[in-house]
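First comes the structure, then the notes that go with it.
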Amino acid sequence: MTPVDDGERPVTSPVLQVEELSVQFGGLCAVDEVSFSVEPAEIVGLIGPNGAGKTTTFNCISGVIVPTEGNILIQGQTVTPFTPERACAMGVLRTFQNVRLFGELSLRENIMMGAYSAGRCSMVSAMLRLPIHARLEREAAERADHWMDLLGLMDYADAGATSLPLGLQRVAELARAMAANPQIVLLDEPGAGLNKVEKERLSDILRSIAAETNCALLVVDHDMGLVMGLVERLVVLDFGKLIAQGVPEEMVRHPDVVEAYLGVA
Amino acid sequence: MDLVSLGQIVISGLANGALYAFVGLGFSLISRSTGIINFAQGDFAMLGAVLTGFLVAGGIPLILAVPLAVLVCGLVGGGLHVLAIQRAERANMAQLIIMTIGFAILIQGAVTWGWGSDPIAIPAFTGSAPLDLFGVTILPQQLWLVGTLALVTALMWFFFQRTVLGLALRAGASNPLGAAFVGINHKRLGAYSFVAGGLLGGLGGAVWAPIAFAQVDIGIALGLKGFTAAALGGFGTTFGPIAGGLIFGLVESLAAGLISSAYTDAISYGLLLVVLIARPQGLLGKIKRGAVDDHREEVLSAGLLATRLSRQDFIRFSVAVVVLLLLSVILAASWKTAALFAGITAIVVIGMVLLTGFAGQISLGQGTFMMVGAYASGYLTLKQGWPPIAAIAFGMVFAGLLALVLGRFIFRLRGYYLAMASLSLLMIFQTLARELHGITGGPNGLPGIAPFNIFGMQFFSDDEVFFVILVATLLCLIAGLSITRSRVGRALLAMRSDELAARACGANVVRLKIGAFVFAAACASLAGSLYVHYLGIANPLPFSFKSSIEHIVALTLGGFLALYGSYFGAAVVVALPSVITTVFGDADTQAGAGLKFLLFGLLVIVVIILQSNGNTRRGSERVRGWLRSGLRLKTAET
């Protein structure tokens, strides 16, 4: 993967295609022939009640789980085996439900770690301080500064990342993902543990990222409040099956969705 | 080969296999309930055997001596868990495993200190008249051993399947947190499993002892072979280690009888390597497929670490250079020799800081790579007329390639397989060094290696060699600093604290681990080369498992993440024997050597307990604070 600057990346549409994805754990079918796609710069919500298969789908797209059947295409391409590092190289970045920043690194270095995929530099070239290392480090520092500046993290740059309050840690994790110049960022319950003000701030940030960088966002959450105000399209799962997709306003009135969330009246 | 001889080989193989099964059962029991690979498992068996011998020699009848020895082993196991492992609650798995290496060193040291390392003969339980089965002789004691194993197997089955405590142990092993919620105390379970591990090992050792001789040196081999039994059968299975032990005993015995007794060790440890590489889940074990392993330990953060070179690094490095140069001037001649050995050890430890501290992998066989360097230097300069620097470079490249190949296989799976793989590789290389006379000169080694020279300069006297080793350690230190203060070092630290998150950032963790291993191997090879150029002879003895112990102790004392700490750790390891000599008399006696290992073991355990509670970090910060305030006061006065 070649490093590309913000906004100048080649765009193929759609950025993510999930084709008839199925995952079985033993006899249990956690995800059952789910298909959907995400366009560039689109914010899509993946929702469903507990046990609907959201997290399993999420884990397949981020390369953590190998699906039993079906394909995941990133910009029209499949990669096998699809591992987390391959996902990153394809431009699929993620955040974690319980924020996972690196404890021994400062905030700036956490975000610089996000730019690790900008280019390959072997241990030997790092040891000998070859020009490639200096170039990649400069680029990583620039990207880190850019995102810390944009997301208002500059004041905490040299603090230990895990010592920050949770709201800032979530923003930092997002900055780390963005530093990789991703095509799509998967957000795993970004609102979990945040208060109302923090949630609104996060929504604003996410909207501006999608608008300004052309990066698509796939938000997995069961917190309807955050998702409704944020996403342009919803994909609703229930018992591993895709039951509906469309704009949020329609989805809340969709009888299957209402039934899945509230049970049969 | 006739059938009777073959039968004889099979019988003795099965008998040995039964002992390995006992040790393997302990390994799998403790690993299943605590996740820890207990390196002292073979030493429990050794302790059982030696204690039985000691008690019998003291006039206690065998029928009392055996249960007493087994009981003591159980108490030792439980005691180590309560007094050491439970005190280090926030230690990560690598630290806990190194702590069990400390247990092994402690037990070996205590036994050597108390009883020496001479073999002890123990009478058989029911006479030593062999039974005859179609011409194949069977010792009654062999029947005892196999019978005891069968009885223990039945008891364990009953315990695990039919008792509440057994169910609790299984629950705790499968999900510690969930088990805690239903009221199962994992601390107590851990202690129970260590007691059980001690009892199993002790029983196997005590019943086996009359067949051979009880002696302290068998501990390491028993540990490796018991581990092989568990690995072969599958760590996750209850009874896999029994099948694994018996199969391994048979293979070993057949290899010795049919192929070559000189290469028995090489063949049996080679089998362990093949199992670790080809089927790490064991013959009976199942592997979880489909999902990325996302087991994350809650680890005490080591505090913020720099991953970019700063002015501070240059200042620190300059201070280190000045201090080391001062040492070369002020050290008395008698200490200079010790300082040389400390420098050589420090080179190995700098590599291990990257491997163990940064990449989280434990190697117990850096001696292998030291031997590569030693014999590359010895053979190429003596027999091929190469200049030393070329031979050293060749050794480093060769050691690096060896690490690359081994690492490529071993690091495919998460876990601490490298510890055992590197130890068995060391055992194989020790055998090869003794047997391949044409290259290595056999046990006598290659004498007459010329001192190091470069550009026509000879480095002959201690002072001159000191300079060479000083430069070598500084070069390794620079390389280590350069790697850790880079994007690669950042990726290593990221991987250390959260492997999945690091992978999600695009870090190829297998490559990173291999890189650290290759660096450590090249450092060790350089150290081995310098060692033989100084002593003038390359032989296998200085690179045995005892050297691994010294490396682990030095690494632990210096701090897993502290490159500069390597000097400190190495200095303590090298200086301790001299301290023992001055305090307790001669350190070269068996008792002195035992005391040395006893103290090494204690040091490892205590330091890890302190580290895991953050004491060492707070301590070093306090010292740094004092130094800083002291300097400030002085500058204020002037």
Side-chain angles (χ1 to χ4, degrees), chain A residues 1 23-25 59 62-68 83-89 92-96 99-106 108-110 112-129 133 136-137 140-141 158-163 173 176-177 179-180 186, chain B residues 288-294 296 298-309 354 357-359 400 476 478-519 522 561:
Chain A
M1 176 187 149
V23 181
Q24 283 182 337
F25 294 126
N59 281 337
S62 56
V64 175
I65 291 180
V66 181
T68 320
T83 56
E85 53 272 24
R86 293 269 179 87
C88 173
V92 180
L93 270 286
R94 68 170 291 181
T95 66
F96 293 87
V99 184
R100 288 164 77 162
L101 293 166
F102 305 116
E104 276 89 18
L105 301 180
S106 69
R108 172 180 273 118
E109 280 166 346
N110 260 280
M112 285 175 78
M113 185 62 207
Y116 186 77
S117 58
R120 273 169 76 152
C121 161
S122 68
M123 197 171 276
V124 176
S125 16
M127 186 175 86
L128 300 177
R129 300 277 145 172
H133 182 260
L136 288 171
E137 279 293 85
D158 295 317
T162 44
S163 65
E173 215 186 24
R176 183 176 73 186
L186 315 174
Chain B
K288 257 203 321 200
R289 282 199 191 282
V292 167
D293 183 7
D294 182 27
R296 199 159 64 110
E298 284 302 325
V299 194
L300 183 70
S301 164
L304 280 194
L305 292 165
T307 61
R308 283 183 292 173
L309 279 175
L354 252 89
F358 281 81
C476 290
I478 291 174
L481 281 171
S482 189
I483 292 174
T484 54
R485 268 55 155 180
S486 78
R487 67 199 321 269
V488 177
R490 185 176 310 130
L492 282 168
L493 281 178
M495 172 177 86
R496 179 182 180 275
S497 78
D498 192 329
E499 194 162 313
L500 180 59
R503 293 180 66 183
C505 288
N508 184 333
V509 292
V510 176
R511 269 173 62 110
L512 285 168
K513 287 175 189 170
I514 291 177
F517 190 30
V518 169
F519 177 77
L561 290 164

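Just so you know, these numbers use all the heavy atoms, side chains as well, and skip hydrogens, waters and symmetry mates. Predicted, not measured: the structure shown is a model, and the values here were computed from it. The sequence lines fix the lettering, A, B, ..., with proteins before strands; numbering per chain opens at 1.
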Report which part of [X] has an atom under 4.5 Å of a heavy atom belonging to chain B: side chain, backbone, both, or neither.
X: A:A87; value: neither
X: A:R86; value: neither
X: A:A159; value: backbone
X: A:N110; value: neither
X: A:A179; value: neither

*Given a strict heavy-atom distance threshold of 4.5 Å, which part of B:I478 is in contact with chain A: side chain, backbone, both, or neither?*
neither
*Please flag which part of B:R511 lies under 4.5 Å from any non-hydrogen atom of chain A: side chain, backbone, both or neither.*
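Contact with chain A involves the side chain of B:R511 alone.
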_Sub-4.5 Å side-chain heavy-atom contact between A:V92 and A:L186_ = yes
_Counting heavy-atom pairs under 4.5 Å with chain A, which one of B:A479, B:A494, B:A491, B:G489 comes out on top?_
B:A494
_For chain A, the option from B:G480, B:A516, B:A507, B:G515 that forms the most heavy-atom pairs under 4.5 Å_ =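 It is B:A507.
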*Using a strict cut-off of less than 4.0 Å between a Lys/Arg side-chain nitrogen and an Asp/Glu carboxylate oxygen, indicate whether A:R129 and A:E137 qualify as a salt bridge.*
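A:E137 and A:R129: not salt-bridged.
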*Under the side chain to side chain donor-acceptor pair (under 3.5 Å) criterion, do A:T68 and A:Q24 qualify, and how do the steps go?*
CA-CA 6 Å; A:T68 320; A:Q24 283 182 337; 5.2 Å; no
